[in-house]
2 protein chains.
Amino acid sequence: MLEKNTNSQDFTLLDAVTWNDQGLVPVIAQEVGSNDVLMMAWMNRDALLETMRLGEAVYWTRSRQKLWHKGEESGHTQKVKEIRLDCDGDTILLMVEQKDGIACHTGEHSCFFLRWDSAQSTWVNESKGHQ
Amino acid sequence: MLEKNTNSQDFTLLDAVTWNDQGLVPVIAQEVGSNDVLMMAWMNRDALLETMRLGEAVYWTRSRQKLWHKGEESGHTQKVKEIRLDCDGDTILLMVEQKDGIACHTGEHSCFFLRWDSAQSTWVNESKGHQ
C-alpha cells in the first residue's frame, strides 16, 4: 500500500520520523491561534502521507486498526497548517484549524477536560456539559 | 517500590490513567502563558507520583529505564501548575513553568524546532543555533 503513494519527497518526510516498533508515532494536535492542545493520536506512514495529500489530519486508530480521517463522520476535520517534529524525531506536532472548534468525540473543544484537583484529591470534569 | 509511596489519594490519581502494556502513559508538557508545546515524554506510576510529590515534572526514560527528574542535571526543571488527562485517560497534559525557558536538551525552548516545508520538500531546522 505504501509504494503507490510514495516518492522521494515522501521518503524525506517519512525517513526523519522515528517510528516505534509498531510502526507508529504519537501526534499532538494543537490549535492555531489559541495554541490549545486539542488531542493526541497516532499515525503510521500511510496516515502521514494521507495527511500530506489531503491537507487534513489522518490518524491510525489502534482500536480499529485502520486509517481514520479525523472528522469523516462528525464533520470535525482538522486543516493542517504546519507539521513539526521533535528533536529525536519520535513525536509529531500538528498545527491545525479545528472545524467547528470541536476536537473531542464527546463534543468538547479539547480532549483534555479532566483536571487534577490536588486539594480535593479528585479529577474535576471541566467539560461544558458537566456541572 | 510503589507501595511505600501510595495512599488512597494516589490511587484515585493513578486509577484514572489508562497505562499502556508497558505501564507507561505519554505526557505532553505545555508552557503556562505562551501555551507553547515544549516536549513529549513518558511516565510510569512512580513518575506521576514523584511529579505530584515534588511539584516538578518527573518522567520515565525508556532509553535509560529509570525515573528522570527533568532538569536534575541541566537545571531546566519544570514546575507543574496543572495536570490534565484526556477523555480516554491515555494521555496526560502537564501545564508547566519552564525554568530558563529551555525544555530541550539541545538548548532550545521547545523540542519541536523542525518544521516540514512542503514547498521545498524538506525539514527546516528553526532552532536559534541553526542558520
Using non-hydrogen atoms and a limit below 4.5 Å, what part of residues 72-81 of chain A faces chain B?
none

Would you kindly confirm whether B/Val124 and B/Phe113 end up in one hydrophobic cluster when ILVMFWY residues are joined by side chain heavy atoms under 4.5 Å apart?
no

For B/Trp116 and A/Leu13, the nearest pair of non-hydrogen atoms, with its separation, is CD2-CD1, 3.4 Å

Looking only at heavy atoms, what is the nearest atom pair of A/Leu85 and B/Trp123, with distance?
CB-CZ3, 3.6 Å

Could you check B/Arg62 against A/Asp90 for side chain to side chain contact (heavy atoms under 4.5 Å, CB included), going step by step and ending with a plain yes or no?
CA-CA 12 Å; B/Arg62 296 176 302 169; A/Asp90 67 1; 3.6 Å; yes

With sequence neighbours excluded, tell me which residues meet side chain to side chain donor-acceptor pair (under 3.5 Å) with A/Thr106.
none

All N/O donor-acceptor pairs, side-chain side in residues 27-44 of chain A, below 3.5 Å, sequence neighbours left out:
from    : atom 1 : to       : atom 2 : distance (Å)
A/Gln30 : NE2    : A/Asn35  : O      : 3.0
A/Gln30 : NE2    : B/Asn35  : O      : 3.0
A/Glu31 : OE1    : A/Ser34  : OG     : 2.5
A/Glu31 : OE1    : A/His109 : NE2    : 3.4
A/Ser34 : OG     : A/Asp36  : N      : 3.1
A/Ser34 : OG     : A/Asp36  : OD2    : 3.3
A/Asn35 : ND2    : B/Ser34  : O      : 3.4
A/Asp36 : OD2    : A/His109 : NE2    : 2.9
A/Asn44 : OD1    : A/Asp46  : N      : 3.3
A/Asn44 : OD1    : A/Ala47  : N      : 2.8

In this structure, CZ of B/Phe112 is separated from CG of A/Leu93 (nearest 0.5 Å) by 5.5 Å

Rounded to the nearest 0.5 Å, how far does OG of B/Ser118 lie from CD1 of A/Ile83?
8.0 Å

Top residue by heavy-atom pair count (under 4.5 Å) with chain A, among B/Thr122, B/Asp117, B/Leu114?
B/Leu114

Within residues 94-105 of chain B, residues adjacent to chain A where the heavy-atom gap is under 4.5 Å
B/Cys104, B/His105

Please confirm whether the backbone N or O of B/Arg115 pairs with a side-chain atom of A/Arg84, one donor and one acceptor, at under 3.5 Å?
no

